[in-house]
J.: 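Please find one structure pasted underneath; my questions will follow.
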Amino acid sequence: MKKNKPITRVGLIGCGRISDIYLKTLSRFEHIEVVSCASLDIGESKAKAQKFNIKKAQTPDELIKDESIDLVLNLTVPKTHFEVSFKAIQAGKHVYSEKPLSTSMKDAQILTDLARNKGVYLGCAPDTFFGNRWQTVRKLIDAGEIGTPTGIFSFVGTHGTERHHPNPDFYYEDGGGPLMDLGPYYLSLMVFLFGSIVQVSGLSNRAFQQRKIENGARNGENIDVHVDTHVQAMLSFESGLIGSMTMSFDVWDSETPRFEIYGTEGVICVSDPDPVHGANIFQGDVWLRKQNNSRWSHQPRPLGRENWEIPDNLHNLSSDNRGVGLVEMVSAIEHNTTHRASDSLAIHTLEAMLGIIKSSNTHKFINLNTKCERPAPLPENFNDILQHGMKK
Ligand SMILES: NC(=O)c1ccc[n+]([C@@H]2O[C@H](COP(=O)([O-])OP(=O)(O)OC[C@H]3O[C@@H](n4cnc5c(N)ncnc54)[C@H](O)[C@@H]3O)[C@@H](O)[C@H]2O)c1
């Protein structure tokens with residue numbers, strides 16, 4: 001095990017629903033310490049600090065000015081991602097943000113340019129494509145198991161978030177909706193598997209103008225819907241592959257497969273144990289059906305790594321390990337390499353999503369200007385890379 005690994009000091013801004021999962025993941029690494037947390041509500045920040053043994057609860061401005069902090073983890077709501085990340089980068093800190101990177105291409109470009117000028121790293125969720133099922137799919141594709149991939153079908157249908165999220169407002173505001181909320185998971189993993197998207201089109205509508213919160217302190221309160229909640233998109237990739245993507249908050253239930261990839265010599269089906277979620281989680285089964293075999297075969301995950309010792313779920317990235325993209329970014333900072341959950345990936349997928357919305361409004365195909373190289377698959381020793389900052 002490497003000795004004296006430098007400690008990266010993280011400041012968390014946004015102490016809401018998703019922060020527990022991140023803090024749980026990060027608490028497992030000795031070389032990463034969350035030293036402060038902040039939100040709009042100091043009471044919420046103090047409670048979070050107490051629950052996770054975080055030394056300081058500060059205001060967002062205090063945290064950004066705090067010189068002991070190297071990296072800001074931005075878990076605020078989509079419409080404030082830009083403002084918080086901008087201030088943090090301006091203050092010379094690395095940033096890892098929840099998705100989307102921002103709600104406009106102009107803002108996303110400002111962030112990436114600023115990060116480059118300041119010499120800091122900018123990373124963005126999702127990191128679910130680090131999960132063993134997607135790494136397995138990548139390995140099957142790169143090994144030519146389905147020949148040349150020609151088509152993708154993807155679907156995620158839920159009935160929104162107001163049944164389980166106590167403050168679901170942001171899901172129905174600019175930067176929300178099923179496309180901006182769930183699209184990053186699907187588009188990031190498609191780029192991870194197949195590379196740049198060159199053209200998109202879309203159609204969208206919304207079933208409801210208002211939603212009723214059905215849990216928590218605001219149970220019964222109606223909120224306005226400002227975005228479309230049922231989106232159908234078509235995607236065209238530089239490789240020649242084409243795909244379809246349906247993202248909806250207007251679906252009560254569905255038996256539709258979540259994700260399939262069609263190739264000249266076979267099919268990969270990524271089924272899902274969770275009927276609600278699709279590709280936005282780490283786990284799930286991978287099935288392969290080849291041209292010359294009439295049966296589906298269940299693929300071990302991670303492929304070729306069955307003999308790994310897995311003391312708990314973190315190492316095989318099969319459970320919810322949101323935050324592992326930040327851990328990998330810290331490793332990239334240390335070794336001066338490229339991180340996988342990167343700003344280039346985030347800006348490319350953002351352009352695709354905004355293109356789908358534009359297409360829906362204009363009824364035209366939209367060509368994308370940005371490109372993104374496929375993030376490299378995780379190395380076979382990724383487990384060790386993760387482990388060598390791991391708490392015993
Ligand atoms: N909840 C989930 O299941 C989930 C899953 C994956 C990703 N995400 C993403 O994580 C992000 C946060 O989601 P959440 O569910 O935790 O939201 P939440 O509403 O529960 O919490 C948001 C937090 O951000 C803080 N905040 C808002 N504006 C701020 C500002 N201007 N400055 C400082 N703090 C501010 C709030 O005080 C609160 O602590 C979103 O981008 C969401 O898309 C959420």
Side-chain angles (χ1 to χ4, degrees), residues 2 5-6 8 10 22 25-26 29 31-32 70-74 81 85-86 88-89 92-102 105 108-132 134-135 137-139 141-142 184-198 237-239 282 302 317 321-352 368-389:
K2 195 170 169 183
K5 200 169 167 61
T8 297
V10 175
Y22 274 86
T25 301
L26 299 183
F29 295 91
H31 66 295
I32 294 175
D70 309 304
L71 189 155
V72 166
L73 171 57
N74 180 358
H81 286 170
S85 296
F86 182 85
I89 299 171
K93 298 181 193 318
H94 305 292
V95 167
Y96 187 87
S97 171
E98 249 302 337
K99 45 73 191 166
L101 186 59
S102 67
M105 280 302 282
Q109 200 62 59
I110 290 172
L111 290 181
T112 55
D113 290 348
L114 187 65
R116 204 160 301 122
N117 289 341
K118 289 277 183 184
V120 297
Y121 278 63
L122 173 60
C124 190
D127 49 8
T128 36
F129 69 90
F130 286 48
N132 58 26
W134 300 112
Q135 296 294 320
V137 172
R138 170 75 177 259
K139 200 156 183 173
I141 286 166
D142 288 357
Y185 298 102
Y186 288 77
L187 293 164
S188 299
L189 72 91
M190 286 184 201
V191 175
F192 167 64
L193 297 174
F194 304 113
S196 294
I197 301 163
V198 288
F237 289 75
E238 197 170 35
S239 67
F282 285 76
L317 298 181
N321 296 290
R322 279 164 217 262
V324 74
L326 183 155
V327 180
E328 194 260 355
M329 187 174 94
V330 166
S331 170
I333 294 168
E334 192 190 339
H335 298 105
N336 199 18
T337 54
T338 309
H339 52 311
R340 289 174 172 79
S342 68
D343 45 349
S344 336
L345 180 58
I347 201 167
H348 185 57
T349 55
L350 179 67
E351 191 186 16
L368 304 195
N369 295 312
T370 60
K371 287 194 176 198
C372 182
E373 297 228 339
R374 295 196 303 167
L378 296 181
E380 292 290 330
N381 68 344
F382 186 64
N383 202 21
D384 304 332
I385 295 170
L386 280 182
Q387 274 195 59
H388 84 183

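Just so it is clear, the model here is predicted, and its values are computed rather than measured.
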J.: Specify the closest pair of heavy atoms between Arg138 and Phe192, including all atoms of both residues, with the distance to one decimal.
T.: NH1-O, 2.6 Å
J.: Quick one: pull up CE in Met329 and CG in Asp127 and give me the separation to the nearest 0.5 Å.
T.: 11.5 Å
J.: Looking at Ala352 and Ile197, what are the two nearest heavy atoms and their distance?
T.: CB-CD1, 4.2 Å
J.: For the atom pair CD (Gln109) and CG (Leu114), what is the distance rounded to the nearest 0.5 Å?
T.: 11.5 Å
J.: Using ring pair (Phe, Tyr, Trp, His ring centres under 6.0 Å) as the criterion, list what pairs up with His348, not counting sequence neighbours.
T.: none
J.: If you take all heavy atoms of Leu122 and Ala115, which pair is closest and at what distance?
T.: CB-CB, 4.0 Å
J.: Just jot down the side-chain contact (heavy atoms from CB on, under 4.5 Å) partners of Glu373, sequence neighbours excluded, or say none.
T.: none
J.: The criterion is side-chain hydrogen bond (donor to acceptor under 3.5 Å, both in side chains); which residues satisfy it with Lys371, sequence neighbours excluded?
T.: Glu238
J.: Could you tell me if the side chain of Asn369 sits less than 4.5 Å from the side chain of Met105, heavy atoms only?
T.: no
J.: If you measure from CZ on Arg322 to OG1 on Thr128, what distance do you get to the nearest 0.5 Å?
T.: 6.5 Å
J.: Determine the sole option in Thr8, Thr25, Ile32, Val95 for which the side chain to side chain contact (heavy atoms under 4.5 Å, CB included) test with Leu326 is passed.
T.: Ile32
J.: Run the ring pair (Phe, Tyr, Trp, His ring centres under 6.0 Å) test against His81 and tell me which residues pass, sequence neighbours left out.
T.: none
J.: Mind checking the CG-OH spacing from Leu71 to Tyr121? Nearest 0.5 Å is all I need.
T.: 12.0 Å
J.: Considering all heavy atoms of both residues, which atom of Leu345 and which atom of Pro375 are nearest to each other, and what is their separation?
T.: CD2-CG, 4.1 Å
J.: Minimum heavy-atom separation for Cys372 to Ser196, with atom names?
T.: N-OG, 2.8 Å
J.: Please enumerate all residues that pass side-chain hydrogen bond (donor to acceptor under 3.5 Å, both in side chains) together with Ser97, with sequence neighbours excluded.
T.: none
J.: Can you list the residues that meet the side-chain contact (heavy atoms from CB on, under 4.5 Å) rule with Ala341, with sequence neighbours excluded?
T.: Tyr96, Phe130
J.: Output the distance between atom CD (Glu98) and atom OG (Ser85), rounded to the nearest 0.5 Å.
T.: 11.0 Å
J.: Return the set of residues passing ring pair (Phe, Tyr, Trp, His ring centres under 6.0 Å) with Phe237 (not counting sequence neighbours), or none when no residue passes.
T.: none
J.: As a quick check of understanding, evaluate side chain to side chain contact (heavy atoms under 4.5 Å, CB included) for Val137 and Leu189, giving each step before the final call.
T.: CA-CA 10 Å; Val137 172; Leu189 72 91; over 6 Å; no
J.: Can you tell if the side chain of Leu26 reaches within under 4.5 Å of the side chain of Leu73, non-hydrogen atoms only?
T.: yes
J.: For Cys124 versus Ala346, what's the shortest heavy-atom pair and its separation?
T.: CB-CB, 3.6 Å
J.: Name all residues meeting the side-chain hydrogen bond (donor to acceptor under 3.5 Å, both in side chains) criterion together with Arg374; count only those two or more places apart in sequence or in a different chain, and write none if there are none.
T.: Asp142
J.: Applying side-chain hydrogen bond (donor to acceptor under 3.5 Å, both in side chains), name anything that partners Lys99, two or more places apart in sequence or on another chain.
T.: Asp181
J.: To the closest 0.5 Å, what do you measure between CD (Glu328) and OG1 (Thr337)?
T.: 7.0 Å
J.: Any cation-pi pair here, Arg340 with Phe129, using under 6.0 Å and within 45°?
T.: no
J.: Just to verify, what does Ala108 make a side-chain contact (heavy atoms from CB on, under 4.5 Å) with, not counting sequence neighbours?
T.: Leu101, Ser102, Ile347, Leu350
